[in-house]
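Keep in mind the model is a prediction, meaning the values are calculated, not measured. A note on names: the letters A, B, ... follow the listed sequences, proteins ahead of strands, and every chain is numbered from 1.
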There are 2 protein chains.
Amino acid sequence: MARPKKFDEAAGLQKAMDVFWKKGYAGTSISDLTTSMEINAPSLYATYGDKHKLFVTALQAYLQSQYEWMRQAVSEQKPVREIIRYLLATLIDSTLEDPERRGCFMVNTITEMANQDTQVFRIAADNENHIRSVLAELIRKGQASGEVAADKDADMLASFLYINFMGVRVIAATNSDKKHLYSALDAILSAI
Amino acid sequence: MARPKKFDEAAGLQKAMDVFWKKGYAGTSISDLTTSMEINAPSLYATYGDKHKLFVTALQAYLQSQYEWMRQAVSEQKPVREIIRYLLATLIDSTLEDPERRGCFMVNTITEMANQDTQVFRIAADNENHIRSVLAELIRKGQASGEVAADKDADMLASFLYINFMGVRVIAATNSDKKHLYSALDAILSAI
DNA sequence: TGTGTTTTGTAATAATCGATACAAAACTAC
DNA sequence: GTAGTTTTGTATCGATTATTACAAAACACA
């Protein structure tokens, strides 16, 4: 018994994510958002809260899709090294193929705000722990199957991989030379 | 035959660098700058140009000091692996010790603006080429002295190292666990 | 066909944004 | 001391910032 919403809430969130991802938090204005989401300011505030709240919601939606992608890749019945190569290669490809070269939304957010925004800091720390634990689990699986040397420290290798995940995302934003990036994959995998 | 400046131009630039480094380009206001630099707006504009020009000048000053540090480390008469470990360890330490956890000014700038600002994009690309060539040179030195396997591709290893330089800087901004970061150093060095 | 409820569009809020006009102040050179 | 030059401080510019008041519009239910 009320006027129904004219826009799709999930689609609007996706649009907001795209804008924040491209321009960052401080670089995005409410006007940018309302234009891209095709709603007006009162609807935005009523639906998503203020700018900061919308940003956090968009960031978490991004991370969820990232986790989903990773969870699926890790659970495949393939050699561990192949999975890791697939993960890194996909990170490189998706970054290079993005016409806007936005890199990784989480990395962008860390470098913009983690030192000033405690909520973002916490999200970033949780994200790191999550990804590292998934990678450590993957390494352990490789050790159980004999693909990875059993005497290596799985947590240490997971940290190493996480560093490279982040580094690859930063670099693919400015380096369009796919061969350079791909050649480094061999070095990364040789450490495992 | 004119009124002399009351402030030190180089010191002001350093202050501007500190603010941009901490808060990013969009997150920094002229008011932030004039407060920190202890000058007023007209002096800022007369001396450094507009906000964007000041930002670029500050960024280039940052890169110069970075290059100077690296050039010196690389030219030392020590085993190549030791130099690389020193470089990475210093990156980790300086990031963790910074009470403001600002990470790397160049990384922050890449993830904030490289996809929207052609001048910044060019600076970032030049920076990457420069650092990669310095690292490749170092690797080749290691190959000449027998410290690094001669059949490995020096450029590839340089790309690999550059990825890890970037990754370490991003992660040290949110992860305060020095042990985790340091433990990954062994994995990085094992790939060389 | 109303009645109640919520969204919508418009319009405006105070605050701050980057940038500058203008005149007083401060210095050097003569 | 005076003339010439540049920096300084103040005050302000129009534009944009995030956010909201308010009323018309659009639906569900009776």
Side-chain angles (χ1 to χ4, degrees), chain A residues 1-60 105 108-109 112-113 116-120, chain B residues 1-60 105 108-109 112-113 116-120:
Chain A
M1 62 219 264
R3 178 174 181 175
K5 278 196 164 126
K6 210 164 74 177
F7 65 98
D8 181 31
E9 193 168 327
L13 182 62
Q14 183 69 35
K15 283 286 184 190
M17 190 186 91
D18 285 337
V19 180
F20 279 131
W21 190 353
K22 175 180 181 183
K23 309 178 105 180
Y25 179 73
T28 299
S29 68
I30 299 290
S31 170
D32 289 333
L33 291 166
T34 55
T35 301
S36 170
M37 299 164 79
E38 296 180 270
I39 62 177
N40 38 33
S43 297
L44 187 154
Y45 280 88
T47 307
Y48 306 99
D50 62 12
K51 185 187 175 186
H52 189 269
K53 204 166 175 185
L54 173 56
F55 180 83
V56 169
T57 306
L59 177 60
Q60 281 168 334
F105 188 20
N108 298 358
T109 302
E112 182 188 1
M113 317 175 61
Q116 290 170 286
D117 187 312
T118 57
Q119 191 177 0
V120 163
Chain B
M1 62 219 264
R3 179 173 180 175
K5 279 194 164 126
K6 208 163 75 176
F7 65 98
D8 180 32
E9 193 168 325
L13 181 62
Q14 183 69 35
K15 284 286 184 190
M17 191 186 91
D18 286 336
V19 180
F20 279 131
W21 190 352
K22 175 180 182 183
K23 308 179 106 182
Y25 179 73
T28 299
S29 68
I30 299 291
S31 169
D32 289 331
L33 291 166
T34 55
T35 300
S36 170
M37 299 165 79
E38 296 181 272
I39 62 178
N40 37 33
S43 296
L44 187 154
Y45 280 89
T47 307
Y48 305 99
D50 62 13
K51 185 187 176 186
H52 190 270
K53 204 167 176 185
L54 173 55
F55 180 83
V56 169
T57 306
L59 177 60
Q60 282 169 332
F105 188 21
N108 299 357
T109 302
E112 182 187 2
M113 317 174 62
Q116 290 170 286
D117 187 312
T118 57
Q119 190 177 2
V120 163

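When rounded to the nearest whole Å, the span between NZ of A:K23 and P of D:dA18 equals 11 Å. Here the C1' atom of nucleotide D:dC13 and the CD1 atom of B:I30 are 15 Å apart, to the nearest Å. Going from atom CG of B:D32 over to atom P of C:dC17 covers 7 Å, rounded to whole Å. Taking atom CG on A:D8 and atom P on C:dT8, their separation rounds to 12 Å, with Å as the unit. Look at CG on A:L33: it is 11 Å from P on D:dT17, rounded to the nearest Å.
In this structure, B:F105 and B:W21 have parallel ring planes: the angle between them is below the 30° cut-off, well short of the 60° mark. The aromatic rings of B:H52 and B:Y25 stand perpendicular to each other, their planes meeting at an angle above 60°, with 30° marking the opposite boundary.
Among the atoms of the strands shown, only primed sugar atoms or phosphate atoms (P, OP1, OP2) are found under 4.0 Å from some heavy atom of A:T28.
A donor and an acceptor atom sit less than 3.5 Å apart, one in the side chain of A:R3 and one in the base of C:dT7.
Listed candidates were D:dT7, D:dC27, C:dT8. Nearest to the side chain of B:K5 is D:dT7.
Between atom CE of residue B:M17 and atom NZ of residue B:K22 there is a gap of 14.0 Å, rounded to the nearest 0.5 Å. Here A:K6 contributes atom NZ and A:N40 contributes atom CG; the two are 8.0 Å apart, rounded to the nearest 0.5 Å. Summarising the geometry, atom CD belonging to A:E112 is positioned 11.0 Å from atom CE belonging to B:M113; distances are rounded to the nearest 0.5 Å. To the nearest 0.5 Å, the span separating NZ on A:K15 from OG1 on A:T35 amounts to 11.5 Å. B:I30 CD1 to B:M37 CE: the interatomic distance, rounded to the nearest 0.5 Å, is 9.5 Å.
For B:Y45, a side-chain nitrogen or oxygen approaches OP1 or OP2 of C:dA19 to under 4.0 Å. When the side-chain nitrogen and oxygen atoms of A:K6 are compared with OP1 and OP2 of C:dG9, one or more of them lie within a distance under 4.0 Å. Contact between the side-chain N/O atoms of B:S29 and the OP1/OP2 oxygens of C:dC17 is found at a separation under 4.0 Å.
Of the residues in residues 37-44 of chain B, those placing a heavy atom less than 4.0 Å from an atom of DNA chain D are B:N40, B:P42, B:S43, in numerical order. Contacts between residues 47-57 of chain A and DNA chain D, defined by a heavy-atom separation under 4.0 Å, are made by A:D50, A:K51.
Heavy-atom nearest nucleotides on DNA chain D were determined for B:P4 and for A:A26, and the one closer to the 5' end corresponds to B:P4.
Residue pairs meeting the salt bridge (Lys or Arg N to Asp or Glu O under 4.0 Å) criterion with at least one member in residues 36-52 of chain B: none, sequence neighbours excluded.
Results of the side-chain contact (heavy atoms from CB on, under 4.5 Å) test with B:Y48 over B:T57, B:L33, B:L13 single out B:L13 as the only residue that passes.
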